[in-house]
Protein chains: 2
Amino acid sequence: MNGAVQTRRGRLQEQTRDEIKAVARRQMAREGASALSLRAIAGEMGLTAPALYRYYPSRDELITALIVDAFHALGDVLEGARGTVVAEAHANQFVAMMHAYRAWALAHPAEFTLIYGTPIPGYHAPEVVTDPAVRRSLAPLLALLAAAWQAGKITPDPAYAAPPPPLGERFGAMLPGAAGGRVPTAALHVGFVAWAHLQGIIMLELFGHIAPVVGDPELFYAFEVRVQLLRLGLAPPG
Amino acid sequence: MNGAVQTRRGRLQEQTRDEIKAVARRQMAREGASALSLRAIAGEMGLTAPALYRYYPSRDELITALIVDAFHALGDVLEGARGTVVAEAHANQFVAMMHAYRAWALAHPAEFTLIYGTPIPGYHAPEVVTDPAVRRSLAPLLALLAAAWQAGKITPDPAYAAPPPPLGERFGAMLPGAAGGRVPTAALHVGFVAWAHLQGIIMLELFGHIAPVVGDPELFYAFEVRVQLLRLGLAPPG
DNA sequence: AGTTACAGTTTACAGTGTTTATATAAATGA
DNA sequence: TCATTTATATAAACACTGTAAACTGTAACT
């Protein structure tokens with residue numbers, strides 16, 4: 001019943017939990033997301049495989065933890081990128097964020113495909129756990145969108161002026177609380193599509209489908225980011 | 001040295017090779033692309049696992065064969081979809097093809113993610129084998145693009161009028177032979193981007209990232225297909 | 001000091017892809 | 001028709017995988 005000691009133990013537990021994840025990440029970076037082996041992780045920590053079951057009830061739950069972590073890391077990177085640009089320059093913020101998005105994906109391909117690709121043998125992520133993480137990873141982008149709208153800097157592409165009625169209904173739920181009501185669905189619609197567009201391109205690049213066609217993927221991507229500014233009606237950076 | 005007998009044997013060989021692939025596909029559809037097991041495949045055929053090595057030198061090569069097949073199947077479906085629409089209605093052809101694209105992906109999720117997702121433990125597809133297959137799968141789309149251009153039906157989005165010079169250089173290589181020279185790089189550029197756009201959206205949908213945000217993925221996709229018509233400057237179907 | 005809770009190991013099981021050596025059946029040549 | 005060659009499949013074994021159960025220490029708490 002001693003609270004202090006319990007939390008100390010708890011801290012030790014969480015510390016090794018973190019170490020396990022760190023080793024797993026290092027191993028994924030080297031051998032690929034699928035070569036993840038409990039015995040290898042344990043071995044690198046001077047343990048045996050079953051010991052890990054004290055910290056994660058199964059390999060799948062470890063993977064889920066890695067996924068949640070990755071979403072959070074991606075969210076942090078986006079938020080950081082936004083911070084490097086002055087608050088008023090929404091277009092520049094968007095460009096910075098989306099380039100940080102791609103940079104993170106290229107720097108952590110295993111973790112990125114763990115998030116947005118088919119991850120691992122028969123594994124399927126439990127949405128209950130991952131959904132909040134997904135929201136967190138996209139929160140900075142949505143915040144930027146809302147801020148830019150509030151500043152009157154967004155004029156959605158006319159193509160999105162009149163979508164089929166039922167389409168816009170759920171977009172508002174992306175933003176937390178009452179904020180959803182403030183941004184019109186057209187803006188949320190183009191915003192979501194812009195994200196999906198760039199996300200899809202990064203994915204294709206990671207699987208090698210962009211480079212052979214385009215030559216310089218970075219240049220191609222940069223151009224597409226600019227195009228998304230047009231779609232959003234965000235004035236390109238001068 | 002008896003040619004006739006040899007080819008008869010060869011036919012038997014290829015017949016069981018095909019059966020192996022068929023069983024593998026059925027198993028993938030049931031248990032997912034990653035649960036693919038040689039022993040399970042062999043068992044379903046009344047064989048044992050090592051027997052399969054007479055037909056494929058390794059599991060990876062079997063997977064590669066499945067990938068190549070999938071690309072071809074996808075290409076066939078696209079070509080078939082185009083055939084259901086009169087030759088002059090290029091916009092309608094595009095719509096039909098891209099909806100067939102998505103329909104195939106949803107009907108064969110395992111095979112589709114095998115192609116465009118991280119497929120399987122540590123497996124990486126040999127580009128030498130898969131590259132021609134990729135080309136084949138996109139050939140119908142490119143043919144449509146070329147035909148529509150020749151008919152003067154394409155007016156690429158002005159945003160793509162002045163891309164960074166080195167970008168367009170390789171687009172021509174997508175089309176076979178001299179055909180590449182006929183279609184301007186701007187048209188090829190928007191065409192490729194339109195494909196990447198829809199392909200990326202389908203991918204996201206398969207991984208469950210579209211439905212929770214959008215409600216009705218089919219409606220969302222249909223709208224995006226229409227938007228791509230605008231980007232291509234193809235008159236929408238009347 | 002005695003008890004309880006935790007951390008870790010050992011052992012074992014059911015799987016996996018793959019290799020080697022061996023048996024069997026089929027097709028060929030004399 | 002018989003003997004020889006060739007293709008086909010198998011059984012056994014290897015090195016792996018994740019996971020479950022039983023057991024052994026060690027640290028903390030009463």
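In this text, all values refer to a predicted model and were calculated from it rather than measured experimentally. Chain identifiers are assigned alphabetically (A, B, ...) following the order of the sequence lines, protein sequences preceding nucleic acid strands; residue numbering begins at 1 within each chain.
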Counterpart residues, ring-ring contact (aromatic ring centres under 6.0 Å, His included), relative to A/His72 (two or more places apart):
none
What's the CD1-P distance between B/Ile41 and C/dT18, to the nearest Å?
11 Å
Distance-only, no hydrogens or angles: does the A/Tyr116 side chain make a donor-acceptor pair with backbone N or O of B/Met203 under 3.5 Å?
no
Which of these nucleotides, C/dG8, D/dT8, D/dG18, is closest to any side-chain atom of A/Tyr55?
C/dG8
Any Lys/Arg nitrogen of B/Arg170 or A/Asp216 sitting under 4.0 Å from an Asp/Glu carboxylate oxygen of the other?
no
If a protein heavy atom is under 4.0 Å from the base, mark B; if only from the sugar-phosphate, S; if neither, -; do that for nucleotides 10-17 of chain D going 5' to 3'.
BBBB---B
In whole Å, I'd like the distance from the CG atom of A/Leu12 to the P atom of C/dG8.
10 Å
What integer distance in Å separates A/Leu62:CG from D/dG18:C1'?
12 Å
I need the CD-P distance between B/Glu31 and C/dG15, as an integer number of Å.
13 Å
Quick one, B/Tyr101 with B/Gln199, criterion side chain to side chain donor-acceptor pair (under 3.5 Å). Give me CA distance, side-chain angles, the key distance, then yes/no.
CA-CA 8 Å; B/Tyr101 197 106; B/Gln199 150 72 35; 2.7 Å; yes
A/Ile63 atom CD1 is separated from D/dG18 atom C1', nearest whole Å, by 11 Å
State whether the side chain of B/Ser58 and the backbone N or O of B/Glu61 hold a donor-acceptor pair below 3.5 Å, judged by distance alone.
yes
Taken to the nearest whole Å, CD/A/Gln13 to P/D/dA28 is 15 Å
Quiz item: cation-pi between A/Arg136 and A/Phe71, 6.0 Å / 45°:
no
Protein-nucleotide distance (B/Met45, atom CE; D/dA9, atom P), rounded to Å:
8 Å
